[in-house]
Amino acid sequence: MRKLLSVLLAGALLISAAGALSACNKSEASDIAAKVEAAASMTEEELIAEAAKESGDFVAYGNSSRIVDAMDGFIAKYGSQLNLSSSNAAASKQSDTEIFTLLDTEAKSSNKSKNASMVLIQDSASLNLYRTTTDLFYNYIPSTLGDNISDADMVPLAQQYINKLFIWNTTGGDVPTFSNVWELTDPSYDNKIFFKSPASEQVNMNFLIMLTSDEWSGKLEDAYLALNTTAATDVGEGKTYKNYGYKWITEFIANCNFTITSDTTMAQNLSKTDNAGNMGLFVLSKLRDDSVLTENLQVAAWNKGANDQYVKIEPFAGFMYALDAQLASHGPRPYTAMLFINYLMTAEGFEPWASLGGYSSNSSIPVTEGDSTLSFWRDNLVFEDGEYIISVKTTVEDYINGLL
């Protein structure tokens, strides 16, 4: 606990410590805990009945703009039973930092009738810290999921996963191809790898931080030795780089081009024929946009060799992060929020995200035709571990910011 608080006070998060550490309202915290416990044994009809008794607006915040579409579907299905309409129920897209700030402010308000009751957040590290040091969030696991969700996705509840992959332009004569991420540190890739700056994109920062862990540094060491006959002389205690994660981060960033500040724009620009030889590390779902010329792009993880088998990128072809669903502890409609989370974990509720690059943690919901399964991505991508990230966030983030 002391270590987590020191991280917060050191400014690892983008909001002030004073705002983050809301005074704990024990009455509200215990009240929502009791309601979550009660909901665990309710049928949907019983949950609807409890939600119908609630008053106040039903507000949800999400890091994904598609939460707005999901709310529209929820109102269409349950609105008449809950007396909800667009006039008193709404979802809005907010950044993670904005969500944390809004919830902290709302928790201190005397009138909580318009507070958010539910949120979707993608920064697992910051969420881990807030769940540990404040009473702003409460976890809820729909009983309807049964065995269709893994233990690792329960706390916090991962509503879905999103991936960012190495993708390159295949037009012209200078088409990149690689099977080992150390190849991307070669000077020939200088300024040719487009990546949204981790200084402005927290999930990108979290990805890089993960590479300093013992697990991923070890995998990077194996990948390095697969290309080199001897170990790196600049890695180890007292040397230039503490481990292979730090070495790869440093050399990769040196080749990155941070001039494009949007993954959508990155996908659009990289798919143009005049971007031959360039590569990006961006969200796979951007390829579903009609403005992206997908025929000019190759996803590294789906690159096939002579035997028509996927060429495995060692040790990763990109990274994966969760969009976590949480109850907002100081919201006026917890039962409604639980019903909404139930809805989001169904195929119907997941529909706004059910396309290329969207992966429900509910294993009964299949991926889009032509996409790969979560199990495939678990073997090929770096998955976030919020607990590890927050434990080293200040140190590694300072190092990376120094490189930037």
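For the numbers below, each heavy atom of this structure counts, side chains included, while hydrogens, waters and symmetry mates do not. Position 1 is the first residue of the sequence, and the numbers go up from there.
Of the possible donor and acceptor atoms, none in the side chain of D385 sits under 3.5 Å from a partner among the backbone N and O of M210. With N169 contributing its side chain and N278 its backbone, the two residues share no donor-acceptor pair below 3.5 Å. A distance-only check finds no donor-acceptor pair linking the side chain of N115 to the backbone of P332 [under 3.5 Å]. Between the side chain of S361 and the backbone N or O of A158, at least one donor-acceptor pair lies under 3.5 Å. Under a 3.5 Å cut-off, the side chain of N88 and the backbone N or O of N83 do form a donor-acceptor pair. Not one N or O on the side chain of N401 forms a donor-acceptor pair closer than 3.5 Å with the backbone of D398. Side-chain atoms of T294 do not come within 3.5 Å of backbone N or O of L287 as any donor-acceptor pair. Side-chain atoms of D234 never come within 3.5 Å of backbone atoms of Y241 as a donor-acceptor pair (strictly under, hydrogens ignored). Side-chain N or O atoms of N139 include one that pairs as donor or acceptor with a backbone N or O of L157 at under 3.5 Å. Checking side-chain atoms of W182 against main-chain N and O of L220 turns up a donor-acceptor pair under 3.5 Å.
For the 3.5 Å distance criterion, the side chains of Y246 and S217 fail to qualify, holding no donor opposite an acceptor. Residues N255 and E251 bring no donor and acceptor atom of their side chains to less than 3.5 Å of each other. A donor atom on one side chain and an acceptor atom on the other are not found under 3.5 Å apart for Q298 and T170. Side-chain atoms of S364 and N362 include a donor-acceptor pair closer than 3.5 Å. With hydrogens and angles left out, the side-chain atoms of Y321 and Q202 include no donor and acceptor closer than 3.5 Å. Judged purely by distance below 3.5 Å, without hydrogens or angles, the side chains of Y161 and W377 never pair a donor atom with an acceptor atom. Inspection of the N206 and D123 side chains reveals an N or O donor paired with an N or O acceptor under 3.5 Å. Using modelled atom types, one finds a donor on one side chain and an acceptor on the other under 3.5 Å when comparing W302 with S372. Side-chain atoms of D324 and Q122 include no donor-acceptor pair closer than 3.5 Å. Side-chain contact, T97 with S95: no donor N or O sits under 3.5 Å from an acceptor N or O. At a cut-off of 3.5 Å, with distance as the only test, a side-chain donor of D96 or N63 sits close to an acceptor on the other residue.
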Apply salt bridge (charged side-chain N to carboxylate O under 4.0 Å, His left out) to the pair K196 and D263, showing each step before the final yes or no.
CA-CA 7 Å; K196 190 173 179 181; D263 278 19; 5.6 Å; no

**OP:** Walk me through it: do K35 and E50 pass the test salt bridge (charged side-chain N to carboxylate O under 4.0 Å, His left out)?
**Re:** CA-CA 10 Å; K35 289 180 178 179; E50 291 300 322; over 6 Å; no

- Test T373 against S375 for side chain to side chain donor-acceptor pair (under 3.5 Å), laying out the working first. CA-CA 5 Å; T373 63; S375 60; 2.8 Å; yes

Before giving the answer on side chain to side chain contact (heavy atoms under 4.5 Å, CB included), spell out for S363 and N148 the whole-Å C-alpha distance, their side-chain angles and the decisive distance to 0.1 Å.
CA-CA 5 Å; S363 61; N148 290 325; 3.6 Å; yes

Next item on the list: Mind running side chain to side chain contact (heavy atoms under 4.5 Å, CB included) on V59 and E106 for me, showing each step along the way?
Entry: CA-CA 12 Å; V59 177; E106 291 174 1; 5.7 Å; no

Next item on the list: Apply the test side chain to side chain contact (heavy atoms under 4.5 Å, CB included) to residues L184 and M279: give CA-CA distance (whole Å), side-chain angles for both, the deciding distance (0.1 Å), then the verdict.
Entry: CA-CA 10 Å; L184 302 182; M279 176 185 297; 3.9 Å; yes

Exercise. Given the rule in the salt bridge (charged side-chain N to carboxylate O under 4.0 Å, His left out) test, do D31 and K112 qualify, once you have shown the distances and angles that lead to the verdict?
Worked result: CA-CA 14 Å; D31 184 53; K112 295 180 168 53; over 6 Å; no

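No more than 12 heavy-atom neighbours from other residues, nucleotides or ligands sit within 6.0 angstrom of CG on D290. Other residues, nucleotides and ligands contribute at most 12 non-hydrogen atoms within 6.0 Å of the CG atom of D147. With a 6.0 Å radius and a threshold of 12 heavy atoms from other residues, nucleotides or ligands, D222 has its CG atom above the threshold. By the neighbour-count criterion of 12 heavy atoms within 6.0 Å, atom NZ of K93 is densely surrounded, having more than that number from other residues, nucleotides or ligands. Around CD of E37, the count of heavy atoms belonging to other residues, nucleotides or ligands within 6.0 Å does not exceed 12. Atom NZ of K114 sits in a sparse spot, with 12 or fewer heavy atoms from other residues, nucleotides or ligands closer than 6.0 Å. With a 6.0 Å radius and a threshold of 12 heavy atoms from other residues, nucleotides or ligands, E387 has its CD atom at or below the threshold. Other residues, nucleotides and ligands contribute only 12 or fewer heavy atoms inside 6.0 Å of the CG atom of D214.
For the pair K164/F207, no side-chain contact is recorded, criterion being any heavy-atom separation below 4.5 Å from C-beta on. Looking at heavy atoms from C-beta onward, F137 lies in side-chain contact with F100 at the 4.5 angstrom threshold. The shortest distance between side-chain heavy atoms of Q159 and W353 falls below 4.5 Å. Using a 4.5 Å cut-off on side-chain heavy atoms (C-beta onward), L84 and R333 make contact. Residues Q160 and I365 fail the side-chain proximity criterion, which asks for heavy atoms closer than 4.5 Å. Considering only heavy atoms from C-beta on, T185 stays 4.5 Å or farther from K247 through its side chain. Considering only heavy atoms from C-beta on, L374 comes within 4.5 Å of M320 through its side chain. Within the 4.5 Å cutoff, no side-chain heavy atoms of I67 are placed close to those of Y61.
Between Y224 and Y244, the ring-plane angle classifies as tilted under the 30° and 60° cut-offs. Taking the six-membered ring for Trp and thresholds of 30 and 60 degrees, F166 and F252 have ring planes more than 60 degrees apart, a perpendicular arrangement.
Expressed to the nearest 0.5 Å, how far OH of Y335 lies from CD1 of I48 amounts to 14.0 Å. The line from OG of S271 to NZ of K286 is 13.5 Å long, rounded to the nearest 0.5 Å. Put simply, CG on L344 and CG on L120 are 6.0 Å apart, with the number rounded to the nearest 0.5 Å. I209 CD1 to T394 OG1: the interatomic distance, rounded to the nearest 0.5 Å, is 9.0 Å. Note that CD1 of I400 and OG1 of T395 are 11.0 Å apart. Values are rounded to the nearest 0.5 Å.
When all heavy atoms of F319 and V203 are compared, the closest pair comes out as CE1-O, 3.5 Å. Closest approach of Q326 to I341, counting heavy atoms only: C-CD1, 4.4 Å. In plain terms, the two heavy atoms of L327 and Y140 that are nearest each other are CD1-CB, 3.8 Å. In terms of heavy atoms, G277 sits closest to K192 at O-CD, 3.8 Å.
No close placement of the W168 and Y189 rings is indicated, their centers lying 6.0 Å or farther apart.
For the pair K304 and Y310, the cation-pi test (distance below 6.0 Å, angle within 45°) is passed.
By the ring pair (Phe, Tyr, Trp, His ring centres under 6.0 Å) test, F340 is found to be paired with F58, F74, residues two or more places apart in sequence or in another chain being considered.
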